[in-house]
Amino acid sequence: MDKLIIRGGAPLRGQVEVSGAKNAALPAMVASLLTEESIRLHRIPQLGDVRTIIGLLNHLGVSVEGRDREPISLRADRIDRFEAPYQLVKTMRASVLVLGPLLARFGRARVSLPGGCAIGTRPINLHLAALEKMGATVSLDAGYVEAKAPRLKGARITFDGQTVTGTENLMMAATLADGVTVLENAACEPEVTDLAALLNRMGARIEGAGTPTISIEGTSHLHGAEHEVIPDRVETGTFMVAAAITGGDVTINRCLPYHLEAVTEKLRETGVRVEETDCSIRVVGDGHVRGVNIRTHPYPGFATDMQAQMTALMSIAQGSSVITETVFENRFMHVNELLRMGADIKVVGTTAFVHGVPTLSGAPVMATDLRASASLVLAGLAAQGITTISRVYHLDRGYESIEQKLLGLGASIERVAE
Ligand code: EPZ
């Protein structure tokens with residue numbers, strides 16, 4: 001296992017280009033299951049979760065070609081397995097996305113229940129209830145979901161809670177169903193909208209993606225397509241916080257600022273200067289930020305995936321802040337590690353009470369989940385002294401070439417084998 005060694009204190013300066021969005025790339029790659037024709041995807045980031053989904057798709061019989069920045073081509077013309085095994089699903093919950101497409105195209109699927117993860121139990125009950133409304137028979141067997149449906153039928157489905165991958169699973173399933181499906185209380189995340197754009201390029205008939213009501217008119221067949229996934233809004237936000245926490249001046253290129261309005265507004269509230277064009281964001285910090293209160297919400301509210309990063313920033317703010325996590329029940333794993341660096345944070349239930357301290361001190365810390373590890377990198381960049389972060393495989397799941405990008409901005413960071 002690798003670890004990162006960071007010497008903090010240097011303001012980050014310069015330009016950085018973000019990669020394609022992990023959470024758009026994963027469903028886009030899974031959408032290849034819906035047709036026997038080839039899907040060609042651009043801007044797929046080279047990172048852990050993408051390698052995991054490629055492993056799962058290969059297991060099912062999908063051929064995947066292309067690596068190292070060239071477009072990835074996927075073709076599901078020889079699917080001979082319909083099972084997503086526990087070994088693969090337990091490492092990445094997004095594997096459950098194969099459920100809808102396998103059921104829609106082949107009428108059967110056997111997918112391991114994902115189990116919990118560091119940030120919460122993360123059930124898939126909303127996915128399963130919705131598929132049953134479309135006529136699937138769903139049963140649980142030895143930790144696996146067994147689903148069967150000769151042909152899914154269009155239905156009106158109201159999600160009992162907003163679920164991003166639940167919306168994506170059902171949107172994909174409905175593209176090949178008999179009749180029209182309407183999803184109410186659907187997730188509005190940009191990654192849902194991006195998936196709908198790909199599916200419509202494949203011949204699907206989806207309207208309303210990006211709003212709480214999505215309608216999908218089923219069709220008998222989808223064809224191949226080419227698509228470039230959207231830039232990663234969470235990586236963009238992470239670099240914005242990196243500029244703020246180090247008092248630097250960073251321009252993030254090839255991003256979509258309108259995907260980050262809630263984060264931008266919060267950063268401006270702390271006193272940080274943020275300038276936007278239609279495809280770039282410049283963040284200028286002066287080494288002082290004010291404490292602000294944050295409450296995470298589904299899109300377009302403040303993204304839960306940016307909460308840990310903002311908690312790191314608030315730990316050196318002037319004044320206090322109250323940070324409430326409303327989406328996941330256990331997403332403060334980064335706090336114990338920040339405390340080791342001298343932060344003053346108290347967690348009560350799903351709320352963190354942060355009192356800003358003048359500076360953090362470098363220390364050995366441990367990554368526990370993807371965004372918690374990003375939070376520790378940010379804290380290390382701001383801290384006085386050396387911070388060593390272990391178990392960085394968590395970070396590698398969702399950030400492409402993070403240390404190269406940070407080195408390009410003047411950070412003192414290196415990766416060593418543990
Ligand atoms: C997606 O996860 C993202 N992952 C997560 O990003 C992100 O944090 C999350 O959406 C919220 O924005 C991908 O897109 C691959 P949910 P997802 O279903 O779809 C509960 C990252 O860091 N729920 O929207 O799994 C669930 O427990 C990752 O990149 C049910 O109760 O999240 C949670 O409390 C982390 N039953 C809430 O809903 C269900 O059937 C939101 O979950 C489904 C969800």
Side-chain angles (χ1 to χ4, degrees), residues 19-31 44-45 47-50 52-53 56 89 91-100 111 113-133 138 140 145 157-172 183 185-195 212 229-230 232-238 259-260 262-263 296-309 325-331 333-334 350 367-375 394-400:
S19 302
K22 164 178 89 78
N23 292 346
L26 298 177
M29 295 170 79
V30 169
I44 299 293
L47 40 81
D49 277 6
V50 167
T52 300
I53 206 78
L56 173 55
V89 176
T91 60
M92 187 183 67
R93 168 189 162 77
S95 307
V96 294
L97 283 168
V98 303
L99 188 55
V111 176
L113 280 168
C117 73
I119 62 177
T121 53
R122 304 189 72 185
I124 58 168
N125 58 310
L126 300 176
H127 302 230
L128 302 181
L131 289 169
E132 285 181 317
K133 282 196 183 132
V138 174
L140 299 186
V145 171
I157 295 162
T158 299
F159 283 111
D160 196 19
Q162 281 195 315
T163 163
V164 175
T165 48
T167 300
E168 292 166 346
N169 227 337
L170 269 292
M171 204 161 63
M172 288 192 280
L183 304 179
N185 197 23
C188 303
E189 272 68 6
E191 293 75 24
V192 171
T193 305
D194 199 42
L195 176 61
V229 297
I230 53 174
D232 195 312
R233 60 193 169 97
V234 182
E235 185 189 12
T236 303
T238 303
H259 284 168
L260 290 123
V263 173
T296 65
H297 273 290
Y299 192 86
F302 189 94
T304 173
D305 292 349
M306 279 299 302
Q307 179 263 108
Q309 297 90 316
E325 172 57 63
T326 70
V327 177
F328 290 107
E329 63 266 32
N330 183 33
R331 204 168 195 179
M333 306 282 278
H334 42 290
T350 57
T368 53
D369 60 86
L370 170 54
R371 305 305 173 183
S373 46
S375 164
H394 289 291
L395 189 69
D396 295 337
R397 290 189 52 175
Y399 288 91
E400 182 181 41

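Note that ligands are numbered from 1 as they come in the structure, with each ligand's atoms numbered from 1 the same way.
- The contact set between ligand 1 and Arg331, taken as ligand atoms under 4.0 Å from a residue heavy atom, comprises 8 (O), 22 (O), 35 (C).
- For atom 18 (O) of ligand 1, the closest non-hydrogen atom of the protein is Thr163 OG1, 2.7 Å.
- The nearest heavy-atom contact from the protein to atom 8 (O) of ligand 1 is Asp305 OD1, 2.6 Å.
- Of all protein heavy atoms, the one closest to atom 26 (C) of ligand 1 is Phe328 CE2, 4.2 Å.
- Atom numbering of ligand 1 starts at 1 in the shown order; those under 4.0 Å from a heavy atom of His127 are 40 (O).
- Looking from atom 3 (C) of ligand 1 to the surrounding protein, the closest heavy atom is Asn23 ND2, 3.7 Å.
- Looking at Leu370 next to ligand 1, no N or O pair under 3.5 Å apart turns up.
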Under the side-chain contact (heavy atoms from CB on, under 4.5 Å) criterion, do Val234 and Gln309 qualify, and how do the steps go? CA-CA 10 Å; Val234 182; Gln309 297 90 316; 3.8 Å; yes
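- Note that atom 15 (C) of ligand 1 has protein non-hydrogen atoms nearby, at separations under 4.0 angstrom.
- Side-chain atoms of His334 and Gln307 include a donor-acceptor pair closer than 3.5 Å.
- Looking at atom 1 (C) of ligand 1, its nearest protein heavy atom turns out to be Val164 CB, 3.9 Å.
- Nearest protein heavy-atom neighbour of atom 23 (N) of ligand 1: Pro123 O, 4.1 Å.
- Every atom of ligand 1 with a heavy atom of Lys22 under 4.0 Å away is listed here by number and element: 21 (C), 29 (O).
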Start with the C-alpha distance between Leu99 and Leu128, add both sets of side-chain angles, then the distance that settles side-chain contact (heavy atoms from CB on, under 4.5 Å), and finish with yes or no. CA-CA 9 Å; Leu99 188 55; Leu128 302 181; 3.6 Å; yes
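- If you number the atoms of ligand 1 from 1 as listed, the ones under 4.0 Å from a heavy atom of Ile124 come out as 39 (C), 40 (O).
- Nearest heavy atoms, Ala186 versus Phe159: CA-CD1, 4.2 Å.
- One finds no salt bridge joining Arg93 and Asp49 here, because no Lys/Arg side-chain nitrogen approaches an Asp/Glu carboxylate oxygen to under 4.0 Å.
- For ligand 1, the atoms sitting less than 4.0 Å from at least one non-hydrogen atom of Thr304 are 8 (O), 11 (C), 12 (O), numbered in the order shown with element in parentheses.
- Scanning all protein heavy atoms for the shortest distance to atom 38 (O) of ligand 1 gives Gln162 O, 4.0 Å.
- Looking at every heavy atom in both residues, Asn185 comes nearest to Asp160 through ND2-C, 4.1 Å.
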Walk me through it: do Asn23 and Asp305 pass the test side-chain contact (heavy atoms from CB on, under 4.5 Å)? CA-CA 11 Å; Asn23 292 346; Asp305 292 349; 3.9 Å; yes
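- Under a 4.0 Å criterion applied to the non-hydrogen atoms of Arg371, ligand 1 contributes the atoms 21 (C), 22 (O), 29 (O).
- Distances from ligand 1 to the non-hydrogen atoms of Gln307 include no value under 4.0 Å.
- Side-chain atoms of Asn169 never come within 3.5 Å of backbone atoms of His127 as a donor-acceptor pair (strictly under, hydrogens ignored).
- In this model, no donor atom of one side chain and acceptor atom of the other lie less than 3.5 Å apart for Glu325 and Thr350.
- A salt bridge is defined here as a Lys NZ or Arg NE, NH1 or NH2 lying under 4.0 Å from an Asp or Glu carboxylate O, and Lys22 with Glu235 fails to meet this definition.
- The protein atom (non-hydrogen) at minimum distance from atom 25 (O) of ligand 1 is Arg93 NE, 2.5 Å.
- The shortest heavy-atom contact between Ala308 and Ser375 is O-OG, 3.1 Å.
- The contact set between ligand 1 and Ala94, taken as ligand atoms under 4.0 Å from a residue heavy atom, comprises 15 (C).
- Per-residue contacts place Val327 under 4.0 angstrom from the following atoms of ligand 1 (heavy atoms of the residue considered): 33 (C), 34 (O), 37 (C), 41 (C).
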Between Val145 and Leu140, is the side-chain contact (heavy atoms from CB on, under 4.5 Å) condition met? List the steps. CA-CA 5 Å; Val145 171; Leu140 299 186; 3.7 Å; yes
